[in-house]
Amino acid sequence: MTTPTAPEIRQQFLDFFATRAGHEVVPSSPAVPHEDPTLLFTNAGMNQFKDVFLGQGARPYIRAVDTQKCIRAGGKHNDLEDVGHDTYHHTFFEMLGNWSFGDYFKSEAIDWAWTLLTEVFEIDPTRLYATWFEGDQAQGLEPDHEARDLWLKYLPADHVIPGNAKDNFWEMGETGPCGPCSEIHVDRIGGRNAAARVNQDDPDVLEVWNLVFIQFNRESETVLNPLPARHVDTGMGFERLVSVLQNRRSNYDTDLFAGIFDRITDVSGARPYRGHLEDPIDIAYRIIADHARCLVAAISDGATPGADGRGYVLRRILRRAVRHGRQTLGMERPFLAAIVPAVVEILGDSFPEMREKMPRVQEIIGQEEEMFRRTLDRGLQLFAEAAERSSDGQISSIDAFKLHDTYGFPIDLTQVMAEERDMSVDAEGYEILMDEARSRSRGGGDVHDPVLTIPPDVLGKLDFLKVKPTDDHAKDLGTPTTGLIKAIWDGRHLCDRSQHGQRVAVILDRTCFYAEQGGQVGDVGEIHVARGSSAGHDHVGILEIEDTRRVGDYVLHIGHVSHGAVATGDECEVAIDAHRRAAIRAHHTTTHLLNLALRAVAGPESDQRGSSVDADRLRFDYAASGPLDPFALEEIESRVNAAIAEGLDVHVAEAPLDLAQKVNTVRAVFGERYPDPVRMVAVGPTVLNLLEGPDDPRWLERSVEFCGGTHLKNTAEAEDFVVLSEQGLAAGIRRVTALAGAPARAARLETAELEKRLAAMESGSSTEPIDAMIRDFEAATISVVDRHTLGARIETLRATAKTARKAAAAENRGAVVDAAREIADSTEGDAIVARIDGADKDALLSAMDTIRAARPDAAVLLLSADAQEGKVVIVAKVPKSLIAEGLKAGDWVKAAAQACGGGGGGRPDSAQAGGKDPARVEDAAEAARAHATASRVS
RNA sequence: GGGGCGUUAGCUCAGUUGGGAGAGCGGCUGCUUUGCAAGCAGCAGGUCACCGGUUCGAGACCGGUACGCUCCA
C-alpha cells in the first residue's frame with residue numbers, strides 16, 4: 001500500500017461525506033472571525049455554524065462537510081507555549097468536520113465515522129478505541145448509553161471506555177448549546193490493549209476524532225434545557241490524522257511540514273531537521289514552521305499584528321518564531337517572510353486566499369519583524385543598564401519584570417543574556433511580580449447586558465408560542481407605523497407585562513425601527529400604547545427605545561417603560577427619532593460614496609475593513625500601506641461632493657447573489673457572507689441596469705454595494721461632505737472619519753468663522769492673540785482640507801508673532817539692563833532693593849546679573865510691577881558673606897511678597913516670589929528694606 | 001477590556017526636594033586644516049504633546065485627552 005499524501009487524505013474525507021451521505025462541501029470560514037468580536041480566532045469547526053446552533057440562523061443545507069482553518073493561541077484554548085516541545089501541538093491546524101443541523105444524530109454519525117476510518121482509511125480496527133459520556137450526577141446528566149451501545153456494535157467491550165464530564169461533555173461556553181460527546185482514539189503501536197493510555201497525553205495513543213451530540217442549552221451552571229433541534233458537530237484534527245495514515249509518530253514528520261523545514265534550512269544555513277524532541281535546533285524548527293503557518297493563515301484572512309486583541313496574539317507568535325530563529329539557528333537578519341512561500345506551497349491549493357494575499361502577508365511580516373528588531377535593540381541597552389546596577393551578580397526581579405512588562409524584552413532572553421555575563425536572574429521574584437500584574441489586569445471583566453440578546457432555548461419558546469419573525473419592511477421608509485406587542489423579554493424571562501421604570505426588550509409583529517447591522521447603528525424612538533389591550537383593560541404606556549438589535553429574525557426594541565405599563569397583545573404606535581435617522585441616512589449613503597472615492601484615489605487594494613454609521617458622524621476603516629496626503633484627501637472629499645452635486649438617485653433592490661456578484665464595480669467586504677438573494681444599493685444606475693449589463697465600464701465610476709442599511713433617495717439630500725480626519729488604526733489599517741448633512745454644514749460654518757477671524761488678524765484689523773486662535777483652531781470640527789489650508793496661514797502668523805515677541809522681549813531686556821546699570825551705579829550699601837517696572841522674570845534676572853557683575857558683594861532684591869497682568873515679580877540673590885550675617889534670599893522675598901498679597905521662596909542664595917497686587921509694590925519694597933536691616937541686626 | 005511606561009532642539013536623550021530649559025550628534029559662520037565619524041571657536045534652533053487643577057511660581061505635582069511603545073485577558 002502506498003502512503004497517501006496530505007492533500008489526498010483531505011480530499012478522501014470530503015468526498016466520503018459528500019458522495020456517500022449527501023453532505024454539502026462548505027469552504028472554511030476565515031481563521032479570523034470578522035463577525036464575532038467575542039472570539040479571537042476561529043478555534044473549532046463549529047464557529048461558522050454558531051448561529052445555527054444558537055437557533056439564530058439557518059443554512060440552505062442540513063448536512064455539511066468541511067476542513068476548517070483553526071488557530072489556538074489565545075483565550076481559552078492557548079497552546080502557544082507547548083508548540084515545538086512535543087509532536088502534536090500547533091497554533092494553526094485544520095479541523096475536518098461533518099455536520100448535521102437538526103438532521104441525523106448519533107447512530108449515523110458513529111456508523112460513518114467507523115466506515116471512513118476502517119474501510120476508506122484502512123486503519124486496523126484493533127487499534128481503535130471509543131469513549132462515551134458516563135453521566136454526571138452533580139449536574140443531573142444521564143449516562144449516554146446510546147453512544148456506548150452503538151460503539152459496541154463495532155468494538156469489543158474493552159475498547160469502549162466511559163469518560164467524565166471534563167472529557168466527554170462538550171460545551172460552547174459558560175452558557176449556550178452543549179451535549180455529550182464521543183471520542184475516537186488510535187493506538188499507533190498496536191498489538192496490545194492500550195485502553196489505559198487513552199486520554200493520558202501519550203503521544204502514541206491519541207484522540208483523532210470527536211463526535212459531539214448537541215442536545216441541550218445551558219442557561220446557567222445548574223440549568224440545562226433541551227434544544228428544539230438536535231445537531232451533530234464532529235472534529236478531526238487533520239495533522240494528526242495525516243501522521244497516523246502516513247505512519248509517522250509526529251505530526252511534524254509528515255509532508256505538511258517537510259517543505260517548510262527544507263526552506264528554513266535553506267534560509268538559515270543550519271543543519272537539516274532531524275525530528276528529535278529535546279534538541280533545541282529541532283525545537284526551533286518546529287516552532288518556526290508552526291508559527292509561520294499560523295501567521296500566513298491569520299494575516300491572509302485579514303488580521304494584522306498589533307498591540308491588543310488578536311493583533312497582540314499574532315505579535316507574540318511572530319516574536320517567538322523570530323527569537324528561536326535568532327537565538328538557536330543564528331539568523332541575525334529578518335527571515336520569516338522568506339519562509340512564507342513554503343507554507344503557501346503546501347496549503348495554497350486548499351486555501352486559495354493564502355496564495356492571493358501572499359505578497360501582502362510577506363510585507364506585513366517583514367515590517368513586524370523589523371519592528372521587533374528595534375524593540376530588541378532597545379531592550380539590549382536597558383539590559384546593560386540593569387546589569388550595571390546589579391551588585392550581586394543577579395538581575396533584580398524588578399528589572400527583569402520591567403524589561404518584560406514595559407519594554408517587551410522577553411524573560412527567557414534576559415536569562416540567556418545574564419548567563420552570557422555569568423549573572424543570574426531573580427526568576428522567582430519575577431514570577432511573583434508577574435502574578436501581581438496578572439491579577440491587576442484581570443479585574444474588570446465586562447458585564448454584558450442580558451436584555452440585548454436572547455438565548456436559544458428562549459428563541460425556541462418564542463417559536464413554540466408562534467411569535468413570527470418581525471416584519472421590518474417599514475424600516476426603509478422609517479415613517480411611523482402601528483404594531484402589536486408579541487413578546488417582552490426582561491433579560492431572564494419572557495413576561496406578559498412590564499411596568500414603569502423597567503428595562504426590557506420588546507418584540508413586535510412589525511416595526512419601522514432599523515436594528516443595528518452592517519455598521520449602521522440601531523434606531524432610537526418611542527413606542528406608545530394608546531388603547532386598551534385585547535382583554536379590554538384601560539391603560540396607557542410609553543416605551544423609550546434606546547437601541548434596536550436583531551436576534552435571529554426578531555427585531556429587539558430595547559428601552560425602558562417611561563410611563564404607565566405595556567403588555568403583550570397591546571396595540572401600539574411605533575415611531576423612530578426621524579431627525580436622527582435622517583442624519584444616519586446621509587452618513588450611510590456618503591459612506592458608500594467614500595468607499596468608491598477611496599478605491600479611485602488610494603487604489604483597489606483599499607478594501608473596507610470596518611464601518612460605523614452614526615447620527616453624528618461616520619467612520620470608515622480600510623486596508624492601506626500608508627497615510628493619504630492632503631491632496632489625496634482633498635480629491636476624496638471633492639469626488640464625494642461631486643456625486644452629491646450630481647443629484648444621483650439611490651436605487652435599492654434585491655438580486656440573485658450569483659448575478660449580483662458579476663457586476664464589475666461591486667466591492668464586497670472581505671470575509672463577509674452574503675445572503676441570496678442579496679440586497680443591492682446602487683448610486684446612479686438602477687439595479688436592473690446593472691444586472692442587464694454587468695460589464696459596462698461606466699459602472700466602475702458608480703458605487704454599488706451589498707448592504708442592508710437605510711439610504712437617501714437622492715445624493716443631493718446629503719448636501720455636503722466633510723472629511724474630518726485620516727489616521728492609522730493598526731499596521732495596514734487606516735480610518736477616515738467624516739460628516740454629511742447637517743453636521744457637515746455645521747463644520748463648514750465653523751470653518752467660515754475661523755477664516756473670518758484669521759483674515760482680520762492678517763489684515764491687522766484684529767488684535768486677537770494668536771494663541772487663542774490656535775486653541776480654537778485645534779479644537780474645531782472642520783474638514784481636514786480646510787485644516788490644512790488654514791493651518792498654513794496660521795503658521796505664518798504664528799512665526800510673525802513669534803519674531804515680534806522676541807524683538808519686543810530683547811528691546812525690553814535692553815531697557816531693563818540699562819536701568820540695572822543705573823541702579824548699580826547710584827545705590828549705596830550692600831543690600832540693594834530696587835524697582836524695575838514692566839520687566840518680566842527673565843528680564844529681571846538679566847538685570848540681576850548686570851547689577852551683581854558690578855557689585856559682587858551686594859545682596860540684591862528686584863521688584864517689577866505689572867499692572868496689566870495684575871501681578872508683581874520679585875527676585876533676590878544674596879552672596880555667601882551676607883547669608884552668614886543672617887540674610888536669606890528665601891525669607892527676604894517672602895517678606896516682600898507678603899506685603900503685596902503673595903508668597904514665595906527659594907534657596908538662601910537665590911529666590912523668587914510673586915505678589916498679586918501691583919498697587920502695593922512700594923509697600924513691598926519698603927518691607928524688603930526693613931527685612932534686610934532687621935535680619936542683619938539680630 | 002484592564003495595567004505599565006513614554007512624549008523636552010532637526011535626531012538620540014539628560015533634567016536631583018517645584019525656583020533662570022541642557023548635552024551629544026546634526027545645521028550655519030569663522031579659523032585651522034585637508035587620510036577614513038577631522039580639530040578649535042562662535043551662532044541659530046524649544047507653545048518641554050494637548051487641556052484643566054494645585055502654587056507667588058510647574059518640564060517636574062494632581063486630574064483628563066491624544067499619540068506611541070509594552071504587558072496581561
Side-chain angles (χ1 to χ4, degrees), chain A residues 37-38 40 73-76 78 305-313 315-316 319 371-372 374-379 381-382 385 398 400-411 430 433-448 725 727-731 769-779 794-795 798-799 801-802 805-806 813 840-849 852 862-864 866 869-877 889-890 893-918 924:
Chain A
T38 64
L40 280 175
K76 196 171 141 200
N78 189 347
D308 50 42
R310 59 177 71 117
Y312 177 60
V313 174
R315 174 166 286 173
R316 254 172 39 198
R319 290 181 171 191
M371 202 152 113
F372 185 42
R374 285 202 296 272
T375 299
L376 283 182
D377 286 345
R378 198 178 43 181
Q381 207 175 338
L382 290 159
E385 287 168 23
I398 293 171
F401 176 73
K402 196 168 177 182
L403 272 165
H404 164 79
D405 180 69
T406 303
Y407 301 104
F409 202 67
I411 179 68
Y430 167 85
L433 289 172
M434 202 61 207
D435 280 344
E436 281 171 13
R438 257 192 281 268
S439 60
R440 245 203 325 275
S441 85
R442 251 191 296 270
D446 55 336
V447 271
H448 72 284
S725 70
Q727 70 193 113
L729 261 198
I770 184 75
D771 289 355
M773 179 74 203
I774 289 173
R775 247 201 312 281
D776 292 348
F777 170 72
E778 278 174 356
I794 287 179
E795 186 48 43
R798 197 175 74 88
K802 193 164 100 180
R805 200 158 44 218
K806 285 202 160 178
R813 193 162 311 169
D840 62 11
K841 190 180 78 176
D842 286 346
L844 224 46
L845 284 162
S846 300
M848 178 70 76
D849 290 343
R852 281 165 57 83
L862 298 177
L863 303 96
S864 164
D866 190 333
E869 292 276 321
K871 52 183 201 186
V872 181
V873 185
I874 305 167
V875 300
K877 296 223 172 183
V893 294
K894 199 173 283 174
Q898 276 163 0
C900 57
R907 298 183 299 261
D909 63 319
S910 167
Q912 295 169 21
K916 286 175 172 171
D917 189 356

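In what follows, chains carry the letters A, B, and so on, assigned in the order in which the sequence lines appear, proteins first and then strands, with residues in each chain numbered from 1.
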Inset, instruction - Look at all strands and tell whether A:Gly914 reaches a base, only sugar-phosphate, or nothing, counting heavy atoms closer than 4.0 Å. - result: base
Legend entry - B:rU54 versus B:rG59 - spacing of their P atoms, nearest Å: 16 Å
Inset, instruction - State the CG-CG distance between A:Leu844 and A:Leu863, to the nearest 0.5 angstrom. - result: 8.0 Å
Inset, instruction - Take atom CZ of A:Arg907 and atom C1' of B:rU16, then tell me their distance rounded to the nearest Å. - result: 11 Å
Inset, instruction - Could you provide the dot-bracket string of RNA chain B, using ( ) for intrastrand pairs, [ ] for crossing pairs and | for bases paired to another strand, with Watson-Crick or G-U pairs below 3.5 Å? - result: (((((((..((((.....[..)))).(((((.......))))).....(((((..]....)))))))))))).
Inset, instruction - Compare every heavy atom of A:Ser910 with every heavy atom of A:Ala889, then report the nearest pair and how far apart it is. - result: CB-N, 3.7 Å
Inset, instruction - Please report the C-alpha distance between A:Phe409 and A:Leu382 in whole Å, then the side-chain angles of each, then the deciding distance to 0.1 Å, and finally whether the side-chain contact (heavy atoms from CB on, under 4.5 Å) criterion is met. - result: CA-CA 9 Å; A:Phe409 202 67; A:Leu382 290 159; over 6 Å; no
Inset, instruction - Under 4.0 Å between any heavy atoms, over every strand shown, what does A:Phe401 touch: base, sugar-phosphate, or nothing? Just pick one. - result: nothing
Inset, instruction - Just call it for A:Met848: base, sugar-phosphate, or nothing, with non-hydrogen atoms closer than 4.0 Å on any strand. - result: nothing
Legend entry - A:Arg315 side chain, from C-beta outward: closest of B:rA73, B:rG20, B:rU70: B:rU70
Legend entry - Separation between the P atoms of B:rC28 and B:rG45, rounded to whole Å: 16 Å
Inset, instruction - With the side chain of A:Thr406 defined as its heavy atoms from C-beta on, choose the nearest nucleotide among B:rG20, B:rC56, B:rG4. - result: B:rG4
Inset, instruction - Choose from B:rU70, B:rG20, B:rG4 the nucleotide whose nearest atom is closest to any side-chain atom of A:Leu845. - result: B:rG20
Inset, instruction - Report yes if a side-chain nitrogen or oxygen of A:His404 is closer than 4.0 Å to either non-bridging phosphate oxygen (OP1 or OP2) of B:rG4; otherwise report no. - result: no
Inset, instruction - Please report, rounded to the nearest Å, how far the P atom of B:rG68 is from the CE atom of A:Met371. - result: 10 Å
Inset, instruction - Rounded to whole angstrom, note down the C1' distance from B:rC13 over to B:rG53. - result: 30 Å
Legend entry - Side-chain heavy atoms of A:Leu433 within contact of A:Ile398, under 4.5 Å: yes
Inset, instruction - With RNA chain B as reference, determine whether A:Ala913 or A:Asp842 sits nearer its 5' end, using the nearest nucleotide of each. - result: A:Asp842
Inset, instruction - Nearest-nucleotide wise, let me know which of A:Ser846 and A:Val872 is further upstream toward the 5' end of RNA chain B. - result: A:Ser846
Legend entry - Spacing of A:Leu403 atom CG relative to B:rG4 atom C1', expressed in whole Å: 13 Å
Legend entry - Rounded C1' spacing from B:rC51 to B:rU7 in Å: 15 Å
Legend entry - Distance-minimising heavy-atom pair for A:Val872 and A:Pro918: CG2-CA, 3.6 Å
Legend entry - Separation between the C1' atoms of B:rA44 and B:rU55, rounded to whole Å: 35 Å
Legend entry - A:Gln912 CD to B:rA21 C1', straight-line distance once rounded to whole Å: 13 Å
Legend entry - For the student: nearest non-hydrogen atoms of A:Val875 and A:Gln912, plus distance: CG1-CG, 4.0 Å
Legend entry - A:Arg319 and A:Thr375, any side-chain heavy atoms less than 4.5 Å apart: yes
Inset, instruction - Measure the distance from CZ on A:Arg438 to C1' on B:rG1 and round it to the nearest whole Å. - result: 17 Å
Legend entry - Span that lies between the C1' atom of B:rU16 and that of B:rG22, in whole angstrom: 14 Å
Legend entry - Whole angstrom value for the distance that separates C1' of B:rC72 from NZ of A:Lys402: 18 Å
Legend entry - Length of the line joining A:Tyr312:OH and B:rG1:P, which is rounded to integer Å: 16 Å
Legend entry - Interatomic distance at C1', B:rG35 relative to B:rC67, whole Å: 47 Å
Give me the distances for all protein-to-nucleotides 42-47 of chain B N/O pairs that come in under 3.5 Å?
from, atom 1, to, atom 2, distance (Å)
B:rG45, OP1, A:Lys806, NZ, 3.4
B:rG46, OP1, A:Lys802, NZ, 2.6

Legend entry - Considering all heavy atoms, the nearest A:Gly379-A:Leu403 contact: O-CD2, 3.8 Å
Inset, instruction - Pick base, sugar-phosphate or nothing for A:Thr375, based on heavy-atom distances below 4.0 Å to the nucleic acid. - result: sugar-phosphate
Legend entry - Euclidean distance, A:Leu845 CG relative to A:Lys877 NZ, rounded to 0.5 Å: 6.0 Å
Inset, instruction - Check A:Val313 against A:Ala73 and note the closest heavy-atom contact, atom names and distance. - result: CG1-O, 3.3 Å
Inset, instruction - Taking only the side-chain heavy atoms of A:Asp405 (C-beta and beyond), determine which of B:rC56, B:rA21, B:rC71 contains the nearest atom. - result: B:rC71
Legend entry - Pairwise P distance, B:rC36 and B:rG30 [rounded to whole Å]: 23 Å
Inset, instruction - Quick one: closest heavy-atom pair of A:Phe401 and A:Ala437, and the distance? - result: CZ-CB, 3.7 Å
Inset, instruction - Decide yes or no, distance alone: a donor-acceptor N/O pair under 3.5 angstrom between the base of B:rG57 and the side-chain of A:Lys871. - result: no
Legend entry - Nearest-angstrom distance from the residue atom OH of A:Tyr407 to P of B:rU7: 9 Å
